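Notes follow the structure.
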There are 2 protein chains.
Amino acid sequence: MNKIQNASEDLLNAGIKPSYQRIKIYEFIIKNLTHPTVETVYKKLSKEIPTLSRTTVYNTLKLFEKKELIRSVNIEENEMRYDGQKHIHGHFKCTVCGEIFDFNYNYNDLEFSGLDDFVLNQTDVMIKGICKKCRIKNS
Amino acid sequence: MNKIQNASEDLLNAGIKPSYQRIKIYEFIIKNLTHPTVETVYKKLSKEIPTLSRTTVYNTLKLFEKKELIRSVNIEENEMRYDGQKHIHGHFKCTVCGEIFDFNYNYNDLEFSGLDDFVLNQTDVMIKGICKKCRIKNS
DNA sequence: ATTCATATTTGTAATGGTTACAAAATTAAA
DNA sequence: TTTAATTTTGTAACCATTACAAATATGAAT
């Protein structure tokens, strides 16, 4: 029952007018699930769209996030990353190689105390450590 | 069985030479559990230490974090916050008033998959939403 | 098509948190 | 008291991000 993802449709459903740049940026984000930065998106898409501006990438990704089409991943100390995956998952950053991995966690069993009568909109679980490859390499 | 916290002792135990500035900064962080920014620490301590430099605050907090005396809280989009609390807890940011709240969660209930043979050093659970006060005010 | 209003994109300049760096000050040892 | 090592300080640089206004593209009405 999976539907082939259609960029224009997704944007329209989110209330975003599907311009050429927006379609290309959205397609890039949902096809490259490596948590790219603005700079990465800009560099890669510039080859295809020579007139593309960094500002457009910044604004567009912020717009997508506001409309809940994508998620921002604030795991780096200096720059933001973006994630086009829809399902709930956490992010692991290897402090040796810097790579960011996805992992699953059991959100439903997680119980909070101290947030009574708070509205919870967005949960982020982030872990830092050493990935398997780096652990083996340095042992 | 609680021990009165002694800044110099804590620093020495962490392998940090307890200079005047370091003691003052450490004391501020463990006494002001409101997730202060570098700027906040600098502004408040400047009154007591007129010669204090922002760079010293930056370097010292980074040093404390590296020695695992305090934790950095990367929940803002632009600037870092610091947390002197020792016990495991999560951070909630109200997107209306901007305040950051602590909450407790059962760490043992958090089960991960996809991180086999990874070394997990630091876990951060962050939630964004609307705090009780702002929810009531806007209803 | 043409005009006009609106939305989007672009490029440059500014912003602001953080870091690099070297000089000054402090501390510790000999 | 000298000397070396450490810490602090202040300024300049860095760089991701945002502000802003001009340029371009889009869409509707005539």
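Please read all numbers here as calculations on a predicted model, not as lab measurements.
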Handout entry: A:Lys93/A:Glu99 ion pair, N-O < 4.0 Å
Key = no
Fill in the blank from the handout: Of A:Ser53 and B:Val38, the one whose nearest nucleotide on DNA chain C sits closer to the 5' end is A:Ser53
Problem - Between C:dT18 (P) and B:Asn78 (CG): distance, integer Å - result: 8 Å
Exercise for the section: Identify whether the distance between the nearest side-chain nitrogen and carboxylate oxygen of B:Glu65 and B:Arg71 falls below 4.0 Å. Expected result: no
Exercise for the section: List the steps, then state whether ring-ring contact (aromatic ring centres under 6.0 Å, His included) holds for B:Phe103 with A:Phe118. Expected result: CA-CA 11 Å; B:Phe103 64 85; A:Phe118 281 43; 9.2 Å; no
Handout entry: Connected via hydrophobic side-chain network under 4.5 Å: B:Ile70 and B:Ile75
Key = no
Problem - Atom-pair distance (CD on A:Gln21; P on D:dT24), nearest Å - result: 14 Å
Exercise for the section: May I have the distance from B:Arg54 (atom CZ) to C:dG16 (atom P), rounded to whole angstrom? Expected result: 12 Å
Problem - Gap between atoms CD and P, on A:Glu65 and D:dT17 respectively (whole Å) - result: 12 Å
Problem - Spacing of B:Glu39 atom CD relative to C:dT19 atom P, expressed in whole Å - result: 14 Å
Practice task
Look at all strands and tell whether A:Thr56 reaches a base, only sugar-phosphate, or nothing, counting heavy atoms closer than 4.0 Å.
Solution key: base
Handout entry: Value in whole Å for how far the C1' atom of C:dT26 lies from CZ of B:Arg22
Key = 12 Å
Exercise for the section: Among C:dT10, D:dT9, D:dT17, find the nucleotide with the atom closest to the side chain of A:Thr51. Expected result: C:dT10
Problem - Rounded distance in Å - CD1 (B:Ile49) to P (C:dT26) - result: 14 Å
Practice task
Establish, with yes or no, whether the OP1 or OP2 oxygen of C:dT19 is under 4.0 angstrom from a side-chain nitrogen or oxygen of B:Lys62.
Solution key: yes
Completion exercise
From the candidates C:dA7, D:dT9, C:dT10, the one with an atom nearest any side-chain atom of B:Leu52 is D:dT9
Practice task
Side chain of B:Tyr58 only, please: which of C:dG17, C:dT10, D:dT9 is the nearest?
Solution key: C:dG17
Handout entry: Nucleotide of D:dT9, C:dT8, C:dG17 approaching A:Ser19 most closely (side-chain heavy atoms)
Key = C:dT8
Problem - Atom-to-atom span, CD of B:Glu79 to P of C:dT15 - whole angstrom - result: 17 Å
Practice task
Anything under 30° is parallel, anything over 60° is perpendicular, the rest tilted; go ahead and classify A:His89 against A:His91.
Solution key: perpendicular
